[in-house]
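Read through the structure below, which is laid out as structure tokens, and then see the notes.
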Amino acid sequence: MASNSSSTTDLDSQVNVEDLPITFKVKYIGSEVARGLWGIKYTRRPVDIMVGVAKNLPPNKVLPNCDLKVSADGVQLEIISPKASINHWSYPIDTISYGVQDLVYTRVFAMIVVKDESSPHPFEVHAFVCDSRAMARKLTFALAAAFQDYSRRVKEAADAEAEGTTPSDTITPTRQKFAIDLRTPEEIQAGELEQETEA
């Protein structure tokens, strides 16, 4: 029998930029207002609210099945079923500020998206339920790889600007701060040392 240590499962979850894009089959739980830019404290309550609503859906209502694609450009979502009038939308990488695997519902992946910073509620938590806890973890790692790549591109654009050679696809260094929590739900629960990789 294979030993199922967390280090083994984490190796399975590792994602490099070269692996992107990766598409995950998920169910879209919904979105709620977030009160902050990053941190599990801003995703926890909205996830509880959304899961509560999802659990009490009438029998004829189901969560939409989606393809969630993580690429270096961000996250694209396509609703596969049931058919919806708007069935495709995307979150550019520079609008996503935080991603985490939920610590209570470990199959849930949540991310904070910054809409319009002038809006009274500029931050939104979007939540997705995965087939397994391992998939939620892999999704978190995939977004981390996208963040890393974006961070590198922003730095290159800034360096080029400093040298006076502006690349053709200049990235406007709008908001370059984001965080991804790669701790396991247990580690987050135990409140271990902050391991959020910030760029």
Side-chain angles (χ1 to χ4, degrees), residues 9-10 12-35 38 40 42-116 119 121-147 149-150 178 180-182 184-185 188:
T9 49
D10 261 7
D12 295 341
S13 308
Q14 294 294 345
V15 175
N16 297 315
V17 178
E18 300 76 47
D19 301 327
L20 300 177
I22 302 178
T23 301
F24 298 88
K25 299 259 179 228
V26 299
K27 286 187 161 82
Y28 182 52
I29 305 175
S31 66
E32 276 287 325
V33 168
R35 300 192 178 278
W38 56 78
I40 188 111
Y42 296 124
T43 58
R44 215 36 300 291
R45 189 170 155 66
V47 165
D48 272 347
I49 293 167
M50 289 184 273
V51 169
V53 169
K55 282 184 169 173
N56 292 307
L57 284 175
N60 60 337
K61 291 278 271 188
V62 292
L63 291 175
N65 286 307
C66 306
D67 278 352
L68 184 154
K69 183 168 88 175
V70 179
S71 71
D73 298 322
V75 171
Q76 282 87 36
L77 199 66
E78 184 177 355
I79 296 178
I80 305 304
S81 68
K83 290 282 173 257
S85 51
I86 300 172
N87 67 349
H88 194 278
W89 62 96
S90 59
Y91 308 100
I93 192 74
D94 62 346
T95 65
I96 302 168
S97 65
Y98 183 69
V100 70
Q101 177 182 14
D102 192 65
L103 62 90
V104 175
Y105 303 104
T106 55
R107 291 192 306 143
V108 170
F109 168 77
M111 65 181 190
I112 296 177
V113 174
V114 183
K115 295 187 305 182
D116 177 3
S119 127
H121 303 294
F123 314 127
E124 264 181 359
V125 178
H126 292 265
F128 309 89
V129 64
C130 301
D131 285 346
S132 66
R133 175 191 171 131
M135 189 209 271
R137 190 127 185 83
K138 184 153 188 161
L139 210 170
T140 310
F141 274 97
L143 190 60
F147 276 165
D149 186 62
Y150 175 65
F178 39 70
I180 190 104
D181 206 324
L182 296 176
T184 62
I188 296 173

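Numbers for residues simply follow the sequence, beginning at 1.
Shown here are the side chain to side chain contact (heavy atoms under 4.5 Å, CB included) partners of K61, two or more places apart in sequence or in another chain: L57, P58. Residues passing the side chain to side chain donor-acceptor pair (under 3.5 Å) test with D131: none are found, sequence neighbours excluded. A search for salt bridge (Lys or Arg N to Asp or Glu O under 4.0 Å) contacts involving D19 returns nothing, not counting sequence neighbours. Judged as a side chain to side chain contact (heavy atoms under 4.5 Å, CB included), and not counting sequence neighbours, the contacts of Y42 are R35, I112.
At a threshold of 4.5 Å between non-hydrogen side-chain atoms, the residues F141 and Q14 count as touching. For the pair V129/Y28, no side-chain contact is recorded, criterion being any heavy-atom separation below 4.5 Å from C-beta on. Looking at heavy atoms from C-beta onward, S81 lies out of side-chain contact with P64 at the 4.5 angstrom threshold. Using a 4.5 Å heavy-atom cutoff, the side chains of D67 and L77 are not in contact. Counting heavy atoms from C-beta outward, C66 and K27 have side chains that stay 4.5 Å or more apart. The shortest side-chain heavy-atom distance between T140 and V100 does not fall under the 4.5 Å cut-off. Between I79 and W89, some side-chain heavy-atom pair lies under the 4.5 Å cut-off. Contact of the M135 side chain with the F109 side chain is not registered, since no non-hydrogen atoms from C-beta on lie closer than 4.5 Å.
L68 contributes atom CG, which lies 12.5 Å from atom CG of N65 (distance to the nearest 0.5 angstrom). Taken from CD1 in I93 to CG in D149, the straight-line distance is 8.5 Å, to the nearest 0.5 Å. We find the OH-OG1 distance between Y98 and T43 to be 5.5 Å, quoted to the nearest 0.5 Å. If you take CZ on F24 and CG on L143, they are separated by 9.5 Å, rounding to the nearest 0.5 Å.
Sorted by first and then second residue, the pairs that involve residues 96-105 and meet salt bridge (charged side-chain N to carboxylate O under 4.0 Å, His left out), not counting sequence neighbours, are R44-D102. The list of salt bridge (charged side-chain N to carboxylate O under 4.0 Å, His left out) pairs with a residue in residues 70-91, not counting sequence neighbours, reads D73-R153.
Minimum interatomic distance between V75 and I96 (heavy atoms only, all atoms of both residues): CG2-CD1, 3.7 Å. Pairing each heavy atom of I40 with each of Q101, the nearest pair is CD1-O, 4.3 Å. A pairwise comparison of heavy atoms in N16 and A145 identifies C-CB, 4.0 Å as the closest pair. Closest approach of A136 and C130 over heavy atoms only: CA-SG, 3.7 Å. Scanning both residues, M50 and S31, for their nearest heavy atoms gives SD-N, 3.4 Å. The two residues V108 and A127 have their closest heavy-atom pair at CG1-CB, 4.2 Å.
Side-chain atoms of T95 come within 3.5 Å of backbone atoms of P92 as a donor-acceptor pair (strictly under, hydrogens ignored). The main-chain N or O of R133 is never found under 3.5 Å from a side-chain atom of R107 such that the two would form a donor-acceptor pair. Within the 3.5 Å criterion, the main-chain N or O of H126 finds no donor-acceptor partner in the side chain of E32. Between the E124 side chain and the V33 main chain, no donor and acceptor come within less than 3.5 Å of each other.
Counting non-hydrogen atoms of neighbouring residues, nucleotides and ligands closer than 6.0 angstrom, the NE2 atom of H88 exceeds 12 such neighbours.
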